[in-house]
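Counting convention: from 1, in listed order, for ligands and their atoms alike. All values below were derived from every heavy atom in this structure, side-chain atoms included, with hydrogens, water molecules and symmetry-related copies excluded.
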Amino acid sequence: MTQGGRKPRARSRAAILPSVPSPSVEFTFDTTATGHARLGRMTTAHGPIDTPQFMPVGTQATVKSLSPADLRATGAQMILGNTYHLNLRPTAERIDRLGGLHRFMAWDGPILTDSGGFQVFSLADLRRVDDEGVTFTSHLDGSTHRLTPERAMEIQALLGSDVAMAFDQLVDPGLPRAAVADAMARTHRWAERSLAARGRPDQAVFGIVQGGVDPDLRRESVAVVSALPFDGIAIGGLSVGESKADMATTLALVAEALGDDPRPRYLMGVGSPVDFFTAVERGVDLFDCVLPTRVARTGQVWTDAGRLNLRNAAFLDDPSPIDAACACEACGQHSRAYLAHLFRARELLGYRLATLHNVTWTLELMRRLRASLADGSFDAMRAKVVAAFARSETAAS
Ligand SMILES: [Zn+2]
């Protein structure tokens, strides 16, 4: 950590901008023998990321219950911060005055920020969408706010993330086609405005493909967004309630439509073990999701044998670790019995240890997935993960 033991000191924005403009991201990859899967490396202003890669979500400038040292120990290379939340509290201007998001949260690795669009359309009350932007009331205190492509880019420049996302309009893919098409067309207009408003030379900007699960709309969206000079292409509007089959079909279609486009591809909001394999085979390089950290706080941990629910009474007498093969602090020092006790007693350490384990296990899964692409064992590894999680799904129901 760059912070060391020093007290954070506010710095002017000018001081954190690089003196020489640098390329915002570089991405190199090898194609593999597995479908459209790519094995690559993305280099950002705060370091490299091996791809395919999963980004733990640090909604409020913290990955819930983990310190930056914990995050490093999990093997995290890049994390995600939320524009909507950080701008409502403590505000982007305050984080900028305190030296930017990296310094504020003492994480010196790469950070991607979303544009706030997803939360505006999923969390905020009383939304009013027009072509200029979105007016909404805060879910925290009811105050009125306005988010436009220009403001979303300004906020992300103030936060100083390595990758900023274009502002998009998310809609339920189950809505009538005309509504999905309308939101997609607006997303395309906002994509151009987001690019025109990009704020800093050391920040990459990714565009977002929408279009629901309608094949023609998705193809049109890929054509429009990939024709713009974005540094990467994100696939939005999936993992929002559509079927697994629809997600797989849509990803296959996007992979075909992108062809040999050399930019990194990021699937937003997907983070379940089986979905990684579905998406990587269809050319996805980056993922983010609250799932591994959110389920950890309910006592659900992921292992090579599938899911375990630590609240289950059967674990109260189980002296074995969560997963004997896992290198995390929870597995190295504690038993399932101890964790089961912590969850029953609602002790804070339980949330931290379960989160530490799930993030470590997920990132190790991604490392093994990359290795399997390199040595040709991808299909065998997927079969194991699918079987383990299908088994525990059945056991849990
Ligand atoms: Zn572990």
May I ask you to check if Arg127 and Phe136 form a cation-pi contact, with NZ or CZ under 6.0 angstrom from the six-membered ring centre and within 45° of the axis?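 That pair does not qualify as a cation-pi contact.
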
Parallel, tilted or perpendicular: rings of Trp302 and Phe389 (30°, 60°): perpendicular

Which residue pairs pass the salt bridge (charged side-chain N to carboxylate O under 4.0 Å, His left out) test with at least one member in residues 41-59, sequence neighbours excluded?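 Salt bridge (charged side-chain N to carboxylate O under 4.0 Å, His left out) check on residues 41-59 returns Arg41-Asp50.
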
Residue pairs, two or more places apart or on separate chains, that pass salt bridge (charged side-chain N to carboxylate O under 4.0 Å, His left out) and touch residues 234-250: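 Qualifying pairs, neighbours excluded: Lys244-Asp275.
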
Hits for salt bridge (Lys or Arg N to Asp or Glu O under 4.0 Å) against Asp130, two or more places apart or cross-chain, chain-then-number order -> Arg128, Arg146

Donor-acceptor pair, distance only, cut-off 3.5 Å: does the side chain of Arg218 make one with the backbone of Val254?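 Judged by distance alone, no pair lies under 3.5 Å.
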
Around the Zn ion (ligand 1), how many protein N, O or S atoms are found at less than 2.8 Å? 4

